[in-house]
J.: 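Supplied in structure tokens, the structure appears directly below.
Computed from a prediction, not measured in an experiment: that's the story for all the values here. Because only heavy atoms are used, hydrogens play no part in the values below, and waters and symmetry mates are left out as well, while side chains stay in. In what follows, chains carry the letters A, B, and so on, assigned in the order in which the sequence lines appear, proteins first and then strands, with residues in each chain numbered from 1.
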2 protein chains.
Amino acid sequence: MGRHKVLNTPAIRRMPTYFHKLVLMQQAHEEVVSTTVLAKYMGLEPIIVRKDFELTGVKGQPGIGYKTHELIEAIRSYLGWDACKKACLVGAGSLGSALLGYQEFSEYGMLFTDVFDADPEKIDTRIHGHLVRDVRQMTPRLRQARPDIGIICVPAIHAQAVVDDMIACGVRAFWNFSNLCLQVPPNVVVQREVIAGGLALLSMKLKTHDII
Amino acid sequence: MGRHKVLNTPAIRRMPTYFHKLVLMQQAHEEVVSTTVLAKYMGLEPIIVRKDFELTGVKGQPGIGYKTHELIEAIRSYLGWDACKKACLVGAGSLGSALLGYQEFSEYGMLFTDVFDADPEKIDTRIHGHLVRDVRQMTPRLRQARPDIGIICVPAIHAQAVVDDMIACGVRAFWNFSNLCLQVPPNVVVQREVIAGGLALLSMKLKTHDII
DNA sequence: TAGATTGTTAATCGATTAACAATC
DNA sequence: TAGATTGTTAATCGATTAACAATC
């Protein structure tokens, strides 16, 4: 039912942060980097960073560190960010717009090829350069465009219906920003972002540290 | 340095999803709920849900299930969502606007008391009912308003400076949506949301399932 | 040489899963 | 009674952490 164990989840979640920092460091002409430096930046222990890098298969030089560009490419390849992924975003509200504006996604191999919304005010306008189309034209378009990823930013009531439509068009992977757990067949994968999950963790930290 | 272990992190991340679903079920007058039903909805094993509920201290009835309203209150109390938290959001771009529009946050005990931005076009307008103020007025206002949480939605280049200012005003907890790891003193907690972390996981699922 | 770092193996810790009696 | 469910203890699995030799 779209729930498939991914090993090393915590490590995978850390990868983009390494990646982003490493790109900044490379731009600053720092050609070698140690786990000590990255760990300090991220508030981790160096051994964690070392073990994470081991997963990507990259090799460092004892006493020296890792070559920045080798690390970047190792992480990119490990995450599959060297492959181009066509994404179709549905729901161009504030959150959808925010995602459309993230320049970094193209660095991560994801390209917005289609954007749909139901609001007549938005249809045929451009958001961050992306043309917003009428969601009623979605099915015929997607059968041609064949996106790899569906990004769900519609209100909760519409989420499941939109996903069902997209699955019918052959979409097999979803990034779900809605409040609901989507019900999908076993050959379809879903990554759900739970914004309230972060708030829950922050709330626990507030408690633990007697901030509130 | 603002990095403090929180136990049961995976369970805590699942709590808001239980919570949200339970509220919907209560509105549908489903007064009793079993872990089987919730697990199926979320794509988990029932034992996981049972263990999670155990953390909150709630008790179910063998053979029957849990009382919906008891579960809701148990989770709310466990997460500290019964305490009111004043939040100050800085950076009213698309992402900031999306957060300001999340009605659910008040259910979770978080109230937006202040919103700041640097863009003259936005200053003195209202976004989802919240007045946007000039970020240059932030310090004097915060010394009075004393928010519990700072929500960072500003561009990366400004994030650290904004946080430093807020810490000087006594803010000790941050929800960081910027691309950077904020450097903060040990008595300050940070919860960082890494949107690209979700994409990394989705990318790995694509790989594993030969979708791309 | 001394200090910093990686690579690797082993130890520990915590989260998930299994098993099953007790209850409705 | 049979079936569904919780509560609880134990087993397993995976992630983090420790330790230390090897390298620069």
J.: A/Ile48 side chain: which of D/dT5, D/dT16, D/dC24 is closest?
T.: D/dT16
J.: Check the distance between C/dA4's P and A/Leu38's CG and give it to me in whole angstrom.
T.: 18 Å
J.: Find the distance A/Lys40:NZ to C/dA4:P and express it as a whole number of Å.
T.: 12 Å
J.: Would you kindly give the CG-to-P distance between A/Leu55 and D/dG14, to the nearest whole Å?
T.: 14 Å
J.: Whole angstroms only, please: what is the CD1-P distance between B/Ile64 and D/dT5?
T.: 10 Å
J.: Residues two or more places apart in sequence or in another chain: which of them pass salt bridge (Lys or Arg N to Asp or Glu O under 4.0 Å) with B/Glu54?
T.: B/Lys51
J.: B/Thr35 side chain N/O closer than 4.0 Å to the phosphate oxygens (OP1, OP2) of D/dT6?
T.: yes
J.: Measure the distance from CZ on B/Phe53 to P on D/dG7 and round it to the nearest whole Å.
T.: 11 Å
J.: Assess whether atom NZ of A/Lys207 is packed by more than 12 heavy atoms of other residues, nucleotides or ligands within 6.0 Å.
T.: yes
J.: Given atom NZ of A/Lys5 and atom C1' of D/dG14, what is their separation to the nearest angstrom?
T.: 12 Å
J.: State whether the number of non-hydrogen atoms from other residues, nucleotides or ligands found under 6.0 Å of B/His158 atom NE2 is greater than 12.
T.: no
J.: May I ask you to list the residues of residues 10-33 of chain B, by number, that have any heavy atom positioned under 4.0 Å from an atom of DNA chain D?
T.: none
J.: For the CG atom of A/Asp210 and the CZ atom of B/Arg172, what is their distance to the nearest 0.5 Å?
T.: 8.0 Å
J.: So if I take every side-chain heavy atom of A/Leu7 and compare against D/dT6, D/dC24, D/dA15, which nucleotide ends up nearest?
T.: D/dA15
J.: Per the salt bridge (charged side-chain N to carboxylate O under 4.0 Å, His left out) rule, what does the pair list look like for residues 83-104 of chain A, sequence neighbours excluded?
T.: none
J.: Taking only residues two or more places apart in sequence or in another chain, which ones pass side chain to side chain contact (heavy atoms under 4.5 Å, CB included) with B/Asp164?
T.: B/Gln160
J.: Would you call the rings of B/Trp81 and B/Tyr108 parallel, tilted or perpendicular if under 30° counts as parallel and over 60° as perpendicular?
T.: parallel
J.: Can you tell me which nucleotide in C/dA15, D/dT6, C/dT5 comes closest to the side chain of B/Asn8?
T.: C/dA15
J.: Rounded off to whole Å, could you give me the CD-to-C1' distance for the A/Gln61 and C/dT6 pair?
T.: 10 Å
J.: Does B/Glu70 reach the side chain of B/Lys59, with side-chain heavy atoms less than 4.5 Å apart?
T.: no
J.: Tell me every residue that passes ring pair (Phe, Tyr, Trp, His ring centres under 6.0 Å) with A/Tyr102, counting only those two or more places apart in sequence or in another chain.
T.: A/Phe105
J.: Enumerate the salt bridge (charged side-chain N to carboxylate O under 4.0 Å, His left out) contacts for residues 12-26 of chain A, please, sequence neighbours excluded, ordered by first and then second residue.
T.: A/Arg14-A/Asp52
J.: Could you spell out the base pairing of DNA chain D in dot-bracket, with Watson-Crick or G-U pairs whose two distances are under 3.5 Å, [ ] crossing and | to another strand?
T.: ..||||||||||||||||||||||
J.: Taking for each residue the nucleotide of DNA chain D bearing the nearest heavy atom, is the 5' side occupied by A/Val6 or by B/Val37?
T.: B/Val37
J.: Any side-chain heavy atom of A/Leu99 sitting closer than 4.5 Å to one from A/Met110?
T.: no
J.: Which residues pass the side chain to side chain contact (heavy atoms under 4.5 Å, CB included) test with A/Gln26, not counting sequence neighbours?
T.: A/Thr68, A/His69, A/Ile72
J.: Please list, pair by pair, any protein nitrogen or oxygen found under 3.5 Å from a nitrogen or oxygen in nucleotides 8-12 of chain D.
T.:
unit_1 : atom_1 : unit_2  : atom_2 : d
D/dT8  : OP2    : B/Lys59 : NZ     : 3.4
D/dT9  : O4     : B/Lys51 : NZ     : 3.2

J.: For DNA chain C, find the residues of residues 65-79 of chain A with a heavy-atom distance under 4.0 Å and give them by number; none if there aren't any.
T.: A/Gly65, A/Tyr66
J.: Under the side chain to side chain donor-acceptor pair (under 3.5 Å) rule, collect the residues that match up with B/Thr17, sequence neighbours excluded.
T.: A/Arg192
J.: Go through the structure and list residues passing ring pair (Phe, Tyr, Trp, His ring centres under 6.0 Å) with B/Tyr18, not counting sequence neighbours.
T.: B/Phe53
